Amino acid sequence: MQSLRVLSTRLGWKVVAFKDSLASAITLPWIRRTEEEVPSADFSHPQDTFIPTTRRELTGRLLQEKGLITPGEEAKFERFGVALDGALTSLHHKILADLKQYYDPLDPDKDTLLTQKVLERDRLDREFWLLRGLDGLARKASYHELPRKYLVGLLREHNAREGVRVSVNPHNYSTLRLWVRSQQEESVEAIPLYQRAFSRVKSAVMKRKDNGKNDVSSHIYKRVILAVRHKSAQKLILKVFKEIHCSRLETLLPNGKIKMSNATQSFLVATAGTAALGLAIKSLSYIGEGMHWSSILFFTSCLVGLRIWFSYRNRRNAYMVSLSRTLYYKSIAHNRGVLTLLVDRAVDEEFKGALLAYVCLLPSEGQSLFGFRSGKPLDARDLELKVAGWLKGTYGSPDVFNCTDALTNLEMLRLLRRNEKGQLTVLPLDEALAILPSTPMHLGPWSQRRQDEEDEKIELTGRTEVGKQEKGWL
């Protein structure tokens with residue numbers, strides 16, 4: 001009797017454990033999504049000021065705009081674009097040289113011998129000035145940096161789309177900074193149907209708990225710049241990625257962790273408890289009769305547990321495949337190449353902004369589409385509104401334009417003047433061309449470029465023929 005009481009007590013505990021595990025398995029996918037899983041939505045991303053066009057295409061669009069550039073100004077305006085591009089490129093060439101000098105002892109891909117030993121204090125000083133320069137260039141290229149608190153929230157342990165829980169500990173890195181550009185919503189077609197239905201159920205259940213906060217899990221960053229250095233490393237890693245989901249930033253960092261989701265763990269515990277229950281009932285079969293179904297319960301629970309385990313392994317492999325695809329297909333530049341790429345993007349944005357501001361302020365007798373060039377003095381606010389309206393109507397870009405950098409560059413090149421009332425005026429095309437350097441850059445006319453390339457080929461061919469004749473080959 002005493003042994004029977006002990007067995008029934010243990011059996012009762014098993015039943016309670018089974019009920020608790022089963023209840024947690026049912027409620028985990030909806031209820032156990034704590035506030036730590038959801039990134040803080042208090043941070044609002046700045047408005048996107050990226051102009052979605054190239055330098056050449058913008059120049060051509062302005063030339064084609066009716067009433068904007070008169071036929072007599074077209075050739076001058078084309079030369080002005082070439083000269084403006086050359087001037088801005090020259091201004092950033094020194095910045096690129098300085099950044100390369102700072103990054104030289106920090107580059108993990110450096111394959112040349114060090115001529116001198118770099119002290120720890122000097123290395124940290126170089127890293128500080130390098131990151132400061134990168135931040136300035138990123139802002140010019142229409143990037144903005146993610147705050148540390150917001151970034152930590154995105155890297156916390158959370159459920160990935162493949163059904164596993166992933167995380168990265170940001171405290172393992174001495175340097176961790178991210179700049180992003182052009183945030184956009186993820187297309188609904190890219191999300192599987194069952195995940196869309198499940199997300200709607202979770203959103204409805206979690207609406208009260210989140211207090212109306214916006215869920216950022218559907219945002220995609222068109223470009224991401226990463227600067228990271230592990231605590232145990234002395235080299236700074238720089239990378240640029242494209243089209244990264246905001247909930248998958250952990251894929252860009254090393255030393256990430258992958259484990260089972262809470263729901264998978266709960267179901268696995270539930271099946272283990274069921275198997276234990278079947279084993280306990282089987283042990284009672286030696287005392288009583290009619291409990292042969294316990295063997296079926298035990299083996300069925302074991303099979304379900306194995307199925308859950310292999311399902312987790314498949315989801316883990318799917319996540320690793322997605323990670324490898326991100327690193328292979330969505331990586332744009334690495335380390336030293338990031339500096340060149342970022343400087344080029346900064347020149348792009350500054351050229352487009354300066355050109356739009358100059359054209360808008362250029363004196364004109366008529367008035368073109370969107371009132372872009374009205375012929376009367378404007379202040380900075382009116383300039384931003386007119387250029388933003390033209391960009392909105394032409395490219396469908398966000399109705400925002402920041403003219404601060406554009407006006408600064410025009411003033412630096414002595415093309416802009418301000419009066420006491422803050423009204424802005426620019427020099428006419430003839431005077432501007434006399435001030436700007438006339439060195440031809442890659443923005444020049446396609447016909448001129450093709451002619452130069454053909455002349456170069458003819459010259460090289462002629463030299464080859466002459467060389468062959470001198471050597472007696474012909």
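Since we're looking at a predicted model, the values are computed, not measured.
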Self-check item: side-chain contact (heavy atoms from CB on, under 4.5 Å) partner of T175, the single match among I237, L131, V228
Solution: L131
Practice problem: Give a yes or no on this: more than 12 heavy atoms of other residues, nucleotides or ligands lie within 6.0 Å of atom NZ of K330. | Solution: yes
Practice problem: Mind checking salt bridge (Lys or Arg N to Asp or Glu O under 4.0 Å) for R61 and listing every partner two or more places apart, or none if nothing turns up? | Solution: E57
Quiz prompt | N-O pairing of K257 and E157 below 4.0 Å | solution = no
Practice problem: Under the salt bridge (Lys or Arg N to Asp or Glu O under 4.0 Å) rule, collect the residues that match up with R418, sequence neighbours excluded. | Solution: E411
Quiz item: With sequence neighbours left out, which residue pairs that include part of residues 314-342 fulfil the ring-ring contact (aromatic ring centres under 6.0 Å, His included) condition?
Solution: none
Quiz item: What is the distance from atom CG of D104 to atom CZ of R336, rounded to the nearest 0.5 Å?
Solution: 6.0 Å
Quiz item: When you look at CZ of R132, are more than 12 heavy atoms from neighbouring residues, nucleotides or ligands closer to it than 6.0 Å?
Solution: no
Quiz item: Quick one: which of L424, L378, D382 gives a side-chain contact (heavy atoms from CB on, under 4.5 Å) with C360?
Solution: L378
Quiz prompt | Residues which pass side chain to side chain donor-acceptor pair (under 3.5 Å) with K352, listed by chain and number, not counting sequence neighbours | solution = E349
Quiz item: With K100, which residues qualify under salt bridge (Lys or Arg N to Asp or Glu O under 4.0 Å), at least two apart?
Solution: none
Quiz item: In terms of side-chain geometry, is the basic nitrogen of D85 or R56 positioned less than 4.0 Å from the acidic oxygen of its partner?
Solution: no
Quiz item: Can you check whether V321's main-chain N or O pairs, donor with acceptor, with S324's side chain at less than 3.5 Å?
Solution: yes
Practice problem: Can you measure from CD1 (I51) to OG1 (T49) and round to the nearest 0.5 angstrom? | Solution: 7.5 Å
Quiz prompt | Separation between CG of L178 and SG of C246, rounded to the nearest 0.5 Å | solution = 12.0 Å
Quiz item: Which residues satisfy the salt bridge (Lys or Arg N to Asp or Glu O under 4.0 Å) test with R121, sequence neighbours excluded?
Solution: none
Quiz item: Do NZ/NE/NH1/NH2 and the carboxylate oxygens of D348 and R55 come within less than 4.0 Å?
Solution: yes
Quiz prompt | Check: R414 and L427 side chains under 4.5 Å, non-hydrogen atoms | solution = no
Quiz item: Centre of Y102's six-membered ring, under 6.0 Å away, within 45 degrees of the axis: is that where NZ or CZ of R126 sits?
Solution: no
